[in-house]
Amino acid sequence: MAMRHQQRTRVVAAGRPHEPNSPVNHPVDFTSTYSYRPSVQYSQAYAREGIPSFEPLEQLLAELEGGTHGLLFSSGQSAISAMISQLPLGGHLIMPQHAYQGFSSMATQMAGKGMFALHRVDIAATDQVLATVRHAATEAESAGTSALLWIESPTNPMLEVADLPVLIAEAKRLGVRTAVDNTFATPLRQNPLQYGADVVIHSVTKFLSGHSDVIMGAAVTSDEELYATLHGHRSMHGTIPGPMEVFLALRGVRTLAVRLDAAERNAGYLASRLSELVNNDSIPLTGVSYPGLPDHPQFERAASQLTGFGAIITMVTSNQTIADAVLEHMKVWTPATSLGGVESLAERRRRHLSEPPTVPEGLIRLSVGIEDPEDLYADLLGALSGAA
Ligand SMILES: Cc1ncc(COP(=O)(O)O)c(C=O)c1O
């Protein structure tokens with residue numbers, strides 16, 4: 001009988017060769033094609049359809065999420081695109097108001113071309129989401145098409161937490177597929193497939209690879225038909241990662257448990273220290289959000305769904321000018337987009353024009369790394385004080 005591993009073991013052990021004399025790490029094929037002889041049965045043909053070097057990481061991600069199949073993509077965006085492309089023409093996409101802005105732009109553009117009807121919801125407002133899902137399901141049924149509920153939780157950048165079990169169960173009852181972007185929580189903190197989600201999407205670029213040196217995405221599902229369709233989409237659209245990226249991501253993900261523990265510990269510490277500065281007259285900080293803070297609107301939900309509150313914090317400064325000045329004063333933190341690496345990054349999100357106006361102009365997203373927490377705090381305090 002196969003041994004069931006704990007997640008911390010799985011992240012290190014899964015996807016390794018076990019045969020005697022095999023290397024401890026799978027070799028990576030740097031090739032675009034595979035030789036064949038017509039007389040010999042072959043399994044590999046052309047690398048755009050996938051190569052054996054993808055399998056250890058695909059298997060690892062599937063095991064971590066509790067699915068049967070993992071599928072790597074060239075980016076998180078291409079994994080998302082593969083999934084929403086499964087909606088038939090004239091279908092319905094229900095998605096969070098504050099989803100990752102690259103995805104929001106993609107969805108808006110596709111909806112603008114008439115590919116599907118787009119419904120934006122406050123993903124934390126369960127009644128509103130359920131009403132929208134029911135409405136979309138009814139419309140889809142009468143038009144002979146289908147609907148997809150897209151959940152991001154916690155959301156980027158507003159850190160709203162969706163009621164995963166309730167939303168997924170109701171969507172399922174209505175025949176609406178659900179996809180969950182699990183980038184912020186990682187498979188070590190939340191496994192949406194366990195609630196019945198059809199697919200989990202990751203930007204592997206972030207916590208999974210963990211060193212800000214890779215762009216990659218992944219989908220995990222237990223639905224054979226969906227897996228085959230997504231695989232076919234990937235081959236046809238050519239959205240495979242390169243072998244070097246696969247090597248780096250697999251190498252990076254092996255340390256996910258220790259990196260995430262350390263970053264999360266730092267994040268919890270910084271969130272509470274920063275909260276103490278809100279309403280301090282000499283510090284231009286008007287708010288701090290972190291799902292692990294008791295004053296987070298979905299704190300109880302986060303505590304019951306997540307096995308850890310993650311490593312992303314947002315702090316709201318008075319306005320854009322102050323936020324930009326805070327970033328200019330940072331020495332330990334690096335002002336940069338992206339998140340989930342070992343190094344701490346900070347970004348004013350409204351610098352992206354596609355970020356909605358409901359995201360405050362002065363909001364800075366903090367991706368907390370694994371540096372010394374006192375250095376991180378001192379640098380934030382110095383930057384906030386210097387910008388005042
Ligand atoms: C939550 C989330 N999903 C998806 C993406 C897109 O991933 P990628 O940049 O790997 O295409 C991002 C990127 O920031 C993200 O934050």
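Indexing begins at 1, ligand by ligand and atom by atom, following the structure's order.
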For this session: Have a look at ligand 1 and work out which part of M216, if any, has a heavy atom under 4.0 Å from it: side chain, backbone, both or neither.
Result: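 Backbone only; the side chain of M216 stays clear of ligand 1.
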
For this session: Under the salt bridge (charged side-chain N to carboxylate O under 4.0 Å, His left out) rule, what do R265 and D372 come out as? Steps first, then yes or no, please.
Result: CA-CA 11 Å; R265 221 173 18 248; D372 186 278; over 6 Å; no

Exercise. Just one of I313, L339, L159, V359 clears the side-chain contact (heavy atoms from CB on, under 4.5 Å) bar with R365, so which one?
Worked result: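 Single side-chain contact (heavy atoms from CB on, under 4.5 Å) partner of R365 among I313, L339, L159, V359: L339.
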
Problem set entry | Polar proximity ligand 1 side, D181 side, N/O cut 3.5 Å exclusive |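 Yes.
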
Exercise. Short N/O distance, under 3.5 Å, between G76 and ligand 1?
Worked result: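 Yes, G76 has an N/O under 3.5 Å of an N/O on ligand 1.
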
Exercise. Do side-chain atoms of Q298 reach the backbone of A162 as a donor and acceptor pair under 3.5 angstrom?
Worked result: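 Not confirmed, Q298 side chain does not pair with A162 backbone.
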
Closest non-hydrogen protein atom to [atom], residue and atom name please, with distance?
atom                    : answer
atom 6 (C) of ligand 1  : Y100 CE2, 3.4 Å
atom 16 (O) of ligand 1 : N156 ND2, 2.9 Å
atom 10 (O) of ligand 1 : T205 OG1, 2.6 Å
atom 7 (O) of ligand 1  : S203 OG, 3.0 Å

For this session: Check the angle between the aromatic planes of H231 and Y227 and answer parallel, tilted or perpendicular using the 30° and 60° thresholds.
Result: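 H231 vs Y227 ring planes: perpendicular.
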
Problem set entry | Option with minimal heavy-atom separation from atom 9 (O) of ligand 1, where the choices are Q101, Q77, K206 |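 Selected option, by shortest heavy-atom distance: K206.
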
Exercise. Regarding T229 and Q86, is there a side-chain donor-to-acceptor distance under 3.5 Å anywhere?
Worked result: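 Judged by distance alone, the side chains do not pair up.
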
Exercise. So, do D163 and P165 sit near enough that their side-chain heavy atoms are less than 4.5 Å apart?
Worked result: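 Side-chain contact under 4.5 Å: yes.
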
